[in-house]
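Remarks on the structure that follows.
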Protein chains: 2
Amino acid sequence: MAQKPATLKDVAAYANVSRATAARALNSYGYVGDETARKVHEAAEKLGYRGNRLAQALRNGQLPIIGCILGDIQNPFFARIAHDIEVLARKYRYNLIIGSSEEELEQEVSLLASLQSLSIRGFIVAPTSDENNFHLERLIEENVPLVLIDRVVKGIECDSVVVDNEGGARKAIEYLIAMGHRRIGLLQDDTRIFTSRERLSGYQSALTAGGITPDDRMISVSQSTVEHAIDATIRLFSQKTPPTALFTVDSLMTQGALLAFRAMGISIPHDVSLVGFDDFNLATFTDPQITVVAQPVSEIGLAAARLLFEKLTGQSSPPQQIRFETKLLIRGSVSRRPEG
Amino acid sequence: MAQKPATLKDVAAYANVSRATAARALNSYGYVGDETARKVHEAAEKLGYRGNRLAQALRNGQLPIIGCILGDIQNPFFARIAHDIEVLARKYRYNLIIGSSEEELEQEVSLLASLQSLSIRGFIVAPTSDENNFHLERLIEENVPLVLIDRVVKGIECDSVVVDNEGGARKAIEYLIAMGHRRIGLLQDDTRIFTSRERLSGYQSALTAGGITPDDRMISVSQSTVEHAIDATIRLFSQKTPPTALFTVDSLMTQGALLAFRAMGISIPHDVSLVGFDDFNLATFTDPQITVVAQPVSEIGLAAARLLFEKLTGQSSPPQQIRFETKLLIRGSVSRRPEG
DNA sequence: AATGCATGTGAGATCGATCTCACATGGTTT
DNA sequence: AAACCATGTGAGATCGATCTCACATGCATT
């Protein structure tokens, strides 16, 4: 039958000392006699005592768990980050709670509230929205360690880890322009999302710098799923004068575009050139392989977790904003456009 | 400054009642006067009261969190499952803690212990090892709801959700035999792992049934990562008389094999035929598309979560073993082998 | 002899929510 | 009038770990 796990009281009783003394012996603080300490440890061993982390947390006001609110764990980008955070957390004897906001502000807020009522102090969040971030503001006010990841939010002063989205997008577009393209399409998701906005802005500034006037007909918007991206790509390439090149803002949309092109009988890079943001393992399996703007994924989660644990272990440095560079990985999905 | 969140005591004081009455009003049990109840709710509202879930859990002995111990969240198979569980958990106002065992028994054990000391009751585990599962036995003895996923373990009587690995493997091999192949390679991971063992057994029984004697030189073992699978594939195909077809036991190994073949200049399906276990989005992006044994991934996590919540909500039905069928998706990576 | 101090130990309070129990009311039944 | 009950409320215990405080010792100072 289910015998309850041993409590400190049990250990104390077994060792014939008070709870206070048992606690002192096990946590080694204050004065404890050698012999007493031995007895207590023996008793703890014998009874298989493991402290109740819940009671400890209630007492000292925080639970050694990291709350991690991401867009979606199924996105390999976030899965990788979650994995890296978990590995580091384990070193600090923290656990990891993962929640998906599914890009809904409301869900992000309620998830956060629910975690806060668990006395969790320490969050890594990929914020959905750029506005109405009262929940994040409150965290800051209450001095709860918070690291924003992948996206920053105006008005929130805290640690963050993002990549140079604008620069990455600019590199991609400059490359396409250099290869002779002028009608360059953009497949992006909701501009509510920070990364999408920044990548759009890089796209526009590179076009302008290249003497090309941005044209709304070259831009298609969809949710960030493969299915929605297929539709958006088809819409974009069903125009009378479709783009000769396409830039997609994340890997799911890149996959959608690939499928759409296949369905439409459009061949890469012969009929159209393609550059995607975010490298993904599929990109090197296709023929031709896909040229992408790569983010240092392995460093993002690690950096975020490091920042968080700095704060959690009491170092109160001013907020750090880490921004990683991106890299254009030229593979085979872009062809030179004959002039004219 | 960090003003502490309001406690029940604060609410009670604000409403001029005792803690007990406030609790009764907020949780609506026992007798409470209408007017009193109104006052309490008003006070709770005004102070932004949210129960401390930690204290609640300490009191009633369980925390509304599901512990989920998987091999690795980065494996899309597990990522999908984790996502599905989280969605269902949210409905029940549970959170989800994810831990990776990284296929180490020791890590699985310590993770579980750490979660148990959080008074978590309710686990979904993909057990690493077939033996020494004392930690799981203890859960059962203590009546802690437990659902095994992807793998079952002998001697542990509890709910489980797995797929028909042996049958799936058999289908794949039978298909290859029907296409005229006789030297059929197997790329598998550690036989400590349940799925690997079952798939091996399906491979062997199909061969035998087809009049082919299993040959150890046709089998290569590696860890389940793309990198290790590349090496293992190269080893397998560097023999004097290499296989004419290959069966890989999971999607990461299928990817490794693809990369190895490319590096070795081996073309699919001309030089070698390939069937993988577990469908993955990349499989339809390659040329040719990869023939796979597909598992109903979307149902696995859901079924597991459902079983778990049945137990958590007090229904004490006998342990259910759910086993899903697999499906051979014939695409283009297998060619008919000329007789002789 | 009186004081100081280092060393050990236990009783009880605390964290926040909840539950049991006892104690009030006022009204209804015998 | 006595007994009973439905209704409403508060005091205090409980969950388990930890911390403060008070109280012992015994030894070393003045």
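Reminder, nothing fancy here: chain letters follow the sequence lines and each chain counts from 1.
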Are OP1 or OP2 of [N] and a side-chain N or O of [X] less than 4.0 angstrom apart?
X      : N       : value
N60(A) : dT18(D) : no
S18(B) : dT9(D)  : no
Y31(B) : dG8(D)  : no
T21(B) : dG8(D)  : no
N27(B) : dT18(C) : yes
Q56(B) : dG16(C) : no

Could you state the atom-to-atom distance from [atom1] of [X] to [atom2] of [N] in whole Å?
X      : N       : atom1 : atom2 : value
Q62(A) : dG16(C) : CD    : C1'   : 17 Å
R19(A) : dT14(C) : CZ    : C1'   : 11 Å
D10(B) : dG16(C) : CG    : P     : 8 Å
K9(B)  : dG16(C) : NZ    : P     : 8 Å

Applying side chain to side chain contact (heavy atoms under 4.5 Å, CB included) between Q320(B) and each of L307(B), V161(B), V147(B), report the one that passes.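 The option that passes is L307(B).
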Go nucleotide by nucleotide along DNA chain C from the 5' end; which of Y49(B) and A20(A) gets its closest nucleotide reached first?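 Taking each residue's closest nucleotide, the earlier one in sequence belongs to A20(A).
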With nearest nucleotide decided by heavy atoms, which residue, A22(A) or R50(B), maps closer to the 5′ end of DNA chain C?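 Residue closer to the 5' terminus by nearest nucleotide: A22(A).
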Mind running side-chain hydrogen bond (donor to acceptor under 3.5 Å, both in side chains) on N52(B) and T7(B) for me, showing each step along the way? CA-CA 8 Å; N52(B) 180 326; T7(B) 70; over 6 Å; no
Would you please test E86(B) and S100(A) for side-chain hydrogen bond (donor to acceptor under 3.5 Å, both in side chains) and show each step? CA-CA 8 Å; E86(B) 203 235 327; S100(A) 299; 3.0 Å; yes
